2 protein chains.
Amino acid sequence: MRIGELAERAGTTTRTLRYYETLGLLPARRAGNGYRAYDEDDLRLLRQIQTLRDFGFGLEETRPFVECLRAGHPAGDSCPASLAVYRRKLAELDECIAHLNGVRQQVGAQLAEAERAMAALEATATAPGGPGPRCELGPHDPHDGDEATGRRAG
Amino acid sequence: MRIGELAERAGTTTRTLRYYETLGLLPARRAGNGYRAYDEDDLRLLRQIQTLRDFGFGLEETRPFVECLRAGHPAGDSCPASLAVYRRKLAELDECIAHLNGVRQQVGAQLAEAERAMAALEATATAPGGPGPRCELGPHDPHDGDEATGRRAG
DNA sequence: GTAGACCTTGACGCCGACGTCAATGCCAGG
DNA sequence: CCTGGCATTGACGTCGGCGTCAAGGTCTAC
Ligand SMILES: [Zn+2]
Ligand SMILES: [Zn+2]
Ligand SMILES: [Zn+2]
Ligand SMILES: [Zn+2]
């Protein structure tokens, strides 16, 4: 199997496969003409890498799994090194999730408070004895309502 | 206040402040000698940026807040544009958290399964009629047990 | 023999938020 | 006058995981 076919079968690109090779993750034998030659085992290695990357693993973190597979073990996670990566990743995930939950709380609170303040301003604005409008809340001048575009620096 | 003092008071670096200026986030007046001149308002703007960045906002996402503050509004989130960013961020956070939870589940399951398989191997290895040891699970040769180092590619 | 599809290596681009020089300017103290 | 500490602009480096050419070699089909 040559690089194009492997890429296609794995749903990736040749560039990616060559990149993995430079990392030593997926070395390839060479045919007489210099073309890279892969087999079904390489496809399995590649699938292992893809699975882990889908989990958010960095390429370096997939190395123990790949080397384990290349050692002929039944699965990529048959070795302690792979399990260690799993555990480290779980810890990272927990930490990250906890962090995000905290942030979510805070941002949610900020939004709620800001909405409350905004509603209060609207109320006083439409109230019978409405005081001076210190800020017009409709379509705004200095801010542009489009959040997609926003560059002024040159 | 010059750039060094502002950086120190905000707990950041001069490089960061100059970078923000190139983005138009934190423009500075200039003294006669060309030095950047900041005041307490700039410090407040900067603190707003830092708060949002601590939440994981990108710099561009802080722009509506900063512009709102510079418009003289009571808070950075007194404008609809800022609220829109809040809501977008909340959605992103929810999506990300859900994703991470899913990944966590899967990785946890993988780990559990791998540990089970490993224990099974250990058991058969130490069992009375233990068959041929197809893999020694102790300190390993082809894999290196250190997860911190791991580079072979040149 | 020649088009065209495949392959090779090499090298630069990208994204975000800066870090890290380098060369030079401004100003106060001894 | 000189030293030293601050300032200026400019430009390149970093990290990860590739994308995107560019210039050429190889093989197959017609
Ligand atoms: Zn193994
Ligand atoms: Zn307003
Ligand atoms: Zn505003
Ligand atoms: Zn083993």
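Keep in mind the model is a prediction, meaning the values are calculated, not measured. In what follows, chains are A, B, ... by sequence order, proteins preceding strands, each numbered from 1.
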* To do: Return yes when atom CD of Q105(A) has more than 12 non-hydrogen atoms of other residues, nucleotides or ligands closer than 6.0 Å, and no otherwise.
  => no

* Please report, rounded to the nearest Å, how far the C1' atom of dT9(C) is from the OH atom of Y35(A). => 13 Å

* To do: Give a yes or no on whether a salt bridge exists between E21(B) and R18(B), defined as a side-chain N under 4.0 angstrom from a carboxylate O.
  => no

* Asked: To the nearest angstrom, how far is E5(B) atom CD from dC6(D) atom P?
  -> 12 Å

* To do: Output yes when at least one side-chain N/O atom of T14(B) is less than 4.0 Å from OP1 or OP2 of dT8(D), else no.
  => no

* Structure fact -> Between CZ of F57(B) and C1' of dG16(C) the distance, given in whole Å, is 17 Å

* **Between dC7(C) (C1') and M1(A) (CE): distance, integer Å** => 16 Å

* **Nucleotide dT8(C), atom P - distance to CD1 of I3(A) in whole Å** => 5 Å

* Structure fact -> Nearest-nucleotide check on DNA chain D, R2(A) vs R30(B); residue mapping nearer the 5' end is R30(B)

* Distance check: side-chain N/O of Y20(B) vs OP1/OP2 of dC18(C), anything under 4.0 Å? -> yes

* Starting from C1' on dT14(D), measure out to OH on Y19(B) and report it in whole angstrom. => 13 Å

* To do: Ignoring backbone atoms, test whether N33(A) places a side-chain nitrogen or oxygen under 4.0 Å from the OP1 or OP2 oxygen of dG25(D).
  => no

* Asked: Whole-Å distance between dA7(D) C1' and E21(B) CD?
  -> 13 Å

* Map R15(A) and L59(A) onto DNA chain D by nearest heavy atom, then report which one ends up closer to the 5' terminus. => L59(A)

* Base, sugar-phosphate, or nothing for R18(B), non-hydrogen atoms under 4.0 angstrom? -> base

* To do: Establish, with yes or no, whether the OP1 or OP2 oxygen of dG19(C) is under 4.0 angstrom from a side-chain nitrogen or oxygen of T13(B).
  => yes

* To do: Would you confirm whether the ring centroid of F55(B) sits within less than 6.0 angstrom of the ring centroid of Y86(B)?
  => no

* **Rounded distance (Å) that lies between atom C1' of dG17(D) and atom CD1 of I49(A)** => 13 Å

* E8(B) CD: over 12 foreign heavy atoms closer than 6.0 Å -> no

* To do: State whether R70(B) and D41(B) are salt-bridged, where the test is any N-O pair (Lys NZ or Arg NE/NH1/NH2 against Asp/Glu carboxylate O) under 4.0 Å.
  => no

